[in-house]
Novice: 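Quick one: the structure is below, and I'll ask about it shortly.
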Amino acid sequence: MTFGYQCDEPTSVSILNTAFENGVTFIDTADAYPLGGPREVLGSTEEILGRWLATVGRDNVILATKCYYPSGPNRWDFGSSRKNIMRAIDASLRRLDTDYIDLYQLHSWDADTPIDESLGALDDLVRSGKVRYIGCSNFVAYQIARSLGRSEVLRAASFVSVQPRYNLLYREIEREMLPMCLSERLAVIPYNPIAGGMLSGKHRFDDGPTQGSRFTLGNAAERYQGRYWRESLFNTVADLKAVADEAGMSLVQMSVAWTLANPAITAPIIGASRPEQLAESLAAASAPLDAELKAKLDSMTAQYRLVEISR
């Protein structure tokens, strides 16, 4: 989601090549990316990915994208209506220069569209071959459960994955969503495993939001500041950094490894604005947390399993 605004195309390609050379074969994006960008750059992330896919071979990558957020000039170029889903998939296929999407996801719950309408449209995409599997992002537990139930009734394609926000500073989904996903055998591919960069330890509360980071990035700045720019969270990050130092690993590596240590998690989605940023996240895959360290981190951040309170 950084490609095309936070980083230019040569940098984006370098990030993709570094990831691919290190065994990353699952790429997740959305039609409303790049994050924080103005309307005129929407879709450029998919275009960059499409050109890169041609260099590595489409079938060598599992490709996921999403629809829901505004991605066109009209007021109906939004949401999970049949009209928007059918428009959005064709636009994504064109930008990605492919004839199928491996995982097509509803980017958020649409309170204005009956879920039966959305699921019917997605089922048609699966039957047509444009989409292999379907999933959702930013749904809460009851919305996922209702969607699964309606798919059963309709005998329509059903979600195989969910994409929630999840990290050491935001653990609310552990209470209901993750147990449900284990029970229903849903893949969980969480975003923000390092809390938008907060769990890198590089930010300083007294200095204010860091220029060039997600905390000052276009129309995404307010959202990220609202999520994470609180003095109490900075205090927790400092405590976690001390634990990471004692364990002999970076805070990023420890944070990503912590998400992987949860049996409900399939794969955290990592992001970068420079290729060298990938190293610490990738290291987490080959260095699992031991049970004692996992338990310590769970205890230190137990308060973040409660419902989030906005400032």
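Sequential numbering from 1 along the given sequence is applied to the chain's residues.
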Novice: Would you say R223's side chain and G226's backbone share a donor-acceptor pair under 3.5 angstrom?
Specialist: no
Novice: Starting from the C-alpha separation in whole Å, work towards a yes-or-no answer on side-chain contact (heavy atoms from CB on, under 4.5 Å) for M254 and L297.
Specialist: CA-CA 10 Å; M254 186 179 76; L297 296 174; 3.7 Å; yes
Novice: With distance as the sole test, does R214 use its side chain to make a donor-acceptor pair with the main-chain N or O of A221 at under 3.5 Å?
Specialist: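 Flag not set: sc R214 to bb A221 has no pair under 3.5 Å.
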Novice: Any salt bridge between R165 and E172, counting N to O under 4.0 Å?
Specialist: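 Salt bridge: no.
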Novice: So, does Q143 use its side chain to make a donor-acceptor pair with the main chain of V140 at under 3.5 Å?
Specialist: yes
Novice: Quick one, N192 with R227, criterion side-chain contact (heavy atoms from CB on, under 4.5 Å). Give me CA distance, side-chain angles, the key distance, then yes/no.
Specialist: CA-CA 11 Å; N192 268 190; R227 284 178 182 175; 3.0 Å; yes
Novice: Quick one: closest heavy-atom pair of I189 and S161, and the distance?
Specialist: CD1-OG, 4.5 Å
Novice: Would you say the side chain of V24 lies within less than 4.5 Å of the side chain of T18, judging by non-hydrogen atoms?
Specialist: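 The answer is no, as the side chains (C-beta and beyond) never meet within the 4.5 Å cut-off.
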Novice: Quick one: do D90 and K130 make a salt bridge, cutoff under 4.0 Å?
Specialist: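 Answer for the salt bridge query: yes.
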Novice: Are any side-chain N or O atoms of T210 and backbone N or O atoms of S213, one a donor and one an acceptor, separated by less than 3.5 Å?
Specialist: no
Novice: Between T55 and W52, is there a donor-acceptor pair closer than 3.5 Å when you use the side chain of the first and the backbone of the second?
Specialist: yes
Novice: Are R155 and D123 ion-paired here, with the side-chain N under 4.0 Å from a carboxylate O?
Specialist: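 D123 and R155: not salt-bridged.
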Novice: May I ask you to decide if P275's main-chain N or O and S14's side chain share a donor-acceptor pair within less than 3.5 Å?
Specialist: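 A pair under 3.5 Å: no.
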Novice: With a 4.0 Å cut-off on N to O distance, would you call E174 and R305 a salt bridge?
Specialist: yes
Novice: To the nearest 0.5 Å, what is the distance between CD1 on I89 and CD1 on I85?
Specialist: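 With rounding to 0.5 Å, CD1 (I89) is 9.5 Å from CD1 (I85).
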Novice: Does the side chain of T216 come within less than 4.5 Å of Y224's, by heavy atoms?
Specialist: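 Sidechains of T216 and Y224: no contact.
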Novice: For V256, does its backbone N or O pair with a side-chain atom of T259 as donor and acceptor, under 3.5 Å?
Specialist: yes
Novice: Which atom names give the shortest non-hydrogen contact between D31 and S92, and what distance separates them?
Specialist: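 It is CB-OG, 3.7 Å.
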Novice: Just how far is it from atom OG of S128 to atom CE of M86, taken to the nearest 0.5 Å?
Specialist: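 Interatomic distance, S128 OG to M86 CE, rounded to 0.5 Å: 7.0 Å.
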Novice: Does Y133 form a side-chain contact (heavy atoms from CB on, under 4.5 Å) with I101? I'd like the steps, not just the answer.
Specialist: CA-CA 8 Å; Y133 302 94; I101 302 298; over 6 Å; no
Novice: Which of these, Y191, Y68, W109, sits in a side-chain contact (heavy atoms from CB on, under 4.5 Å) with N138?
Specialist: Y191
Novice: Between the side chains of S137 and Q105, does any donor sit under 3.5 Å from an acceptor?
Specialist: no
Novice: Please check if I269 and L199 belong to a single hydrophobic cluster, counting links between Ile, Leu, Val, Met, Phe, Trp and Tyr side chain heavy atoms closer than 4.5 Å.
Specialist: no
Novice: Heavy atoms only: give me the nearest C7-I15 pair and the separation to one decimal.
Specialist: SG-CD1, 4.2 Å
Novice: With the side chain counted from C-beta on, respond yes when Y166 and P193 share a heavy-atom pair under 4.5 Å apart, and no when they do not.
Specialist: no
Novice: Do I134 and V126 pass the side-chain contact (heavy atoms from CB on, under 4.5 Å) test, and can you show the C-alpha distance, the side-chain angles, and the key distance before you say yes or no?
Specialist: CA-CA 8 Å; I134 61 171; V126 172; 3.9 Å; yes
Novice: L168, F205: one ILVMFWY side-chain cluster at the under-4.5 Å cut-off?
Specialist: yes
Novice: Do N84 side-chain atoms and S80 backbone N/O form a donor-acceptor pair below 3.5 Å?
Specialist: no
Novice: Are the side chains of S200 and L251 in contact, using a 4.5 Å heavy-atom criterion?
Specialist: no
Novice: Once rounded to the nearest 0.5 Å, what's the spacing between atom NZ of K66 and atom OG of S108?
Specialist: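 Atom-to-atom, K66:NZ and S108:OG are 11.5 Å apart.
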Novice: Are any non-hydrogen side-chain atoms of L103 and D28 less than 4.5 angstrom apart?
Specialist: no
Novice: Go through the side-chain N and O atoms of T11 and R274 and say whether any donor and acceptor fall under 3.5 Å apart.
Specialist: no
Novice: Should R132 and D102 count as an ion pair when the cut-off is N to O under 4.0 Å?
Specialist: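 Answer for the salt bridge query: no.
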Novice: Once you round to the nearest 0.5 Å, how far does SG of C67 lie from NE2 of H107?
Specialist: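 C67 SG to H107 NE2: 10.0 Å, rounded to 0.5 Å.
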Novice: Taking the basic N atoms (NZ, or NE/NH1/NH2) and the acidic carboxylate oxygens, is any pair closer than 4.0 Å for D97 and R51?
Specialist: no
Novice: Ignoring hydrogens, what is the shortest heavy-atom contact between P34 and T45? Give both atom names and the distance.
Specialist: N-OG1, 3.1 Å
Novice: Tell me if a side-chain donor or acceptor on N74 pairs with a main-chain N or O of D77 at a distance below 3.5 Å.
Specialist: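 Absent.
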Novice: Under a 3.5 Å cutoff, is there a donor and acceptor pairing between the side chains of N167 and W258?
Specialist: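 N167 vs W258: no donor-acceptor pair found between side chains.
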Novice: Are there over 12 heavy-atom neighbours, none belonging to E292, within less than 6.0 Å of that residue's CD?
Specialist: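 Atom CD in E292 is not packed in, count stays at 12 or less.
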Novice: Under 3.5 Å, is there a donor-acceptor pair between the side chain of R58 and the main chain of Y100?
Specialist: yes
Novice: Would you compute the distance between atom CG of L16 and atom CD of E9 and round it to the nearest 0.5 angstrom?
Specialist: 9.5 Å
Novice: Calculate, to the nearest 0.5 Å, the distance between atoms CG and CZ belonging to D239 and F234 respectively.
Specialist: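 So the gap between those two atoms works out to 13.5 Å.
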Novice: Is there a continuous path of hydrophobic side-chain contacts, each under 4.5 Å between heavy atoms, that joins I265 to I270?
Specialist: yes
Novice: Are side-chain heavy atoms of T98 and L53 found at a separation under 4.5 Å?
Specialist: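 No, too far: nothing below the 4.5 Å cut-off.
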Novice: Using a cut-off of 6.0 Å, state whether more than 12 heavy atoms not belonging to E176 lie near its atom CD.
Specialist: no
Novice: Quick one: are the ring centres of F3 and Y33 less than 6.0 Å apart?
Specialist: no
Novice: What are the two closest heavy atoms between F139 and S147, and how far apart are they?
Specialist: CE2-OG, 3.8 Å
Novice: Within the 4.5 Å heavy-atom criterion, are L35 and N219 side-chain neighbours or not?
Specialist: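 Not in contact.
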Novice: State whether K294 and D298 are salt-bridged, where the test is any N-O pair (Lys NZ or Arg NE/NH1/NH2 against Asp/Glu carboxylate O) under 4.0 Å.
Specialist: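 Looking at D298 together with K294, the answer is yes, because their closest N to O distance falls below 4.0 Å.
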Novice: Centres of the F215 and H203 rings: under 6.0 Å?
Specialist: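 Centroid distance F215-H203: below 6.0 Å, so yes.
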Novice: Is any side-chain heavy atom of L169 closer than 4.5 Å to a side-chain heavy atom of V237?
Specialist: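 The answer is yes; the side chains approach within 4.5 Å.
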Novice: Treat each ILVMFWY residue as a node, draw an edge where side-chain heavy atoms are under 4.5 Å apart, and state whether I115 and F78 are in one component.
Specialist: no
Novice: Is it the case that the side chains of E46 and T29 hold a donor-acceptor pair, with the cut-off being a distance below 3.5 Å and no angle test?
Specialist: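 No pair is found: no donor N or O on one side chain lies under 3.5 Å from an acceptor on the other.
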Novice: Taking all atoms of both residues into account, what is the closest heavy-atom pair of L42 and A32, and its distance?
Specialist: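 Looking at all heavy atoms of both residues, the closest pair is CD2-O, 3.2 Å.
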Novice: Can you hop from L125 to V160 via hydrophobic side chains spaced under 4.5 Å?
Specialist: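 No; V160 is not reachable from L125 via cluster members.
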